[in-house]
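First the proteins, then the strands, lettered A, B, ... as listed; each starts at 1. Computed over heavy atoms, backbone and side chain alike; hydrogens, waters and symmetry mates excluded. Every value quoted in this text rests on a predicted model; they were computed, and no experiment measured them.
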Amino acid sequence: MPELPEVETIKRQLLKEVIGKKIKEVELRLPKLAYFEGFKGDGSTGSPQAAKNFKKNLEGAKIGKADRAAKILILTLSNDYTLLVHLKMTGQLIYRAKNGKMRRGGHPWPPAAVEVPNKWTHIIFHFVDGSKLYFNDLRQFGYMKLVKSDELAEQKEIRKLGIEPFDKNFTVELFSKMLKCHAKAKIKPLLMDQNFISGIGNIYADESLHYAGILPTRPAGKIKPEEVKRLYQGIKIILKKSIAKGGTSSDTYVTLSGQKGGYEKYLKVYGREGKKCLRCGGIIKRIKLGGRSAHFCPDCQG
DNA sequence: TATATTGTTACACC
DNA sequence: TGGTGTAACAATAT
């Protein structure tokens, strides 16, 4: 489930391969994952017209630059359009150069050994030089959305996003104010709220709170200044370290033997229910919070 | 069969 | 009214 570090890794390691390439053909195997200007529910997907527009405006265009906003990848095209890609939980992007070299980012299933395209390959970009970009998604939650470049900022999935953790304006003072604005909200669901801060999902919310020694259920307004500072530092340190390791759940590889995202072995609480806390030896617990599972150590998080 | 997962939306509550 | 919480939904492998 790609979060900020995984999406950033994909942007840096995978999308750099397609920059400057010209799209020859777009193969839409599952048209409902392709949006053209509107959003789900307003008839912009699934209609023959949306699919036609999606294809028409991509084919012949060159890929310009690659950006990221929260967990969304943004590809600026040489024409007036911009492509948004959200991998949600199980999306993958796979690039295959014409010499067969591959790069893959996103959910680790299906594993590297499975040939592409396969039954989970829903959209294929064929480039003029013979290389290809595959969009795979097991659960079909992800999407690709083509919008007018000058309307990018107005898109609802971009417009409401909270501040990026690495934005220079995101200071501990601002973070403290933000928490006070939502004094009664439980800290973990708040951290995961994309309209509060961009890019933090379940893994990094759990890890950041463990780093700071704060229980996921604590009301945001009851967190003491020194804890706010630790949490602020924890978010940045953990995200940065994960980016440096190539993300947690994304397996990005160059060869078929491949390597997993390197952050997995640094996880302190996520997915470690019943195991010993690596800091104090307590037993990691898992509870349901806001419809998601929260992992924490009851002994050293208070 | 129940579960896991994200982001959005709908709706209840105070 | 708006902050908060809960549930449903999309889909499918385990």
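One finds a side-chain N or O of A/H182 lying less than 4.0 angstrom from the OP1 or OP2 phosphate oxygen of C/dT4. Taking only side-chain nitrogens and oxygens, A/W120 never comes nearer than 4.0 Å to OP1 or OP2 of C/dT12. Close to B/dA4, at under 4.0 Å from its OP1 or OP2, lies a side-chain N or O of A/R286.
Heavy-atom distances to DNA chain C give each of A/R292 and A/K184 a nearest nucleotide, and the one nearer the 5′ end belongs to A/K184.
When rounded to the nearest whole Å, the span between CG of A/D193 and C1' of B/dT8 equals 11 Å. As rounded to whole Å, 15 Å separates atom C1' of B/dG7 from atom CG of A/L33. Between A/K160 atom NZ and B/dG7 atom P the separation is 13 Å, expressed in whole Å. Remark: P of B/dT6 and CG of A/L4 are 14 Å apart, rounded to the nearest angstrom.
Ring geometry, A/Y35 versus A/Y143: the interplanar angle exceeds 60°, so the pair is classed perpendicular (tilted spans 30 to 60°).
Using a 4.0 Å heavy-atom criterion, one finds that A/K119 contacts the sugar-phosphate atoms exclusively.
Remark: A/H295 engages A/Y270 in a ring pair (Phe, Tyr, Trp, His ring centres under 6.0 Å) (not counting sequence neighbours).
Here A/F141 does not lie in a stacked arrangement on the base of C/dA11, lacking the combination of planes under 30° and ring centres under 5.5 Å apart.
Pairs engaging residues 181-190 of chain A under the side-chain hydrogen bond (donor to acceptor under 3.5 Å, both in side chains) rule: A/K188-A/N202, A/K188-A/D206 [sequence neighbours left out].
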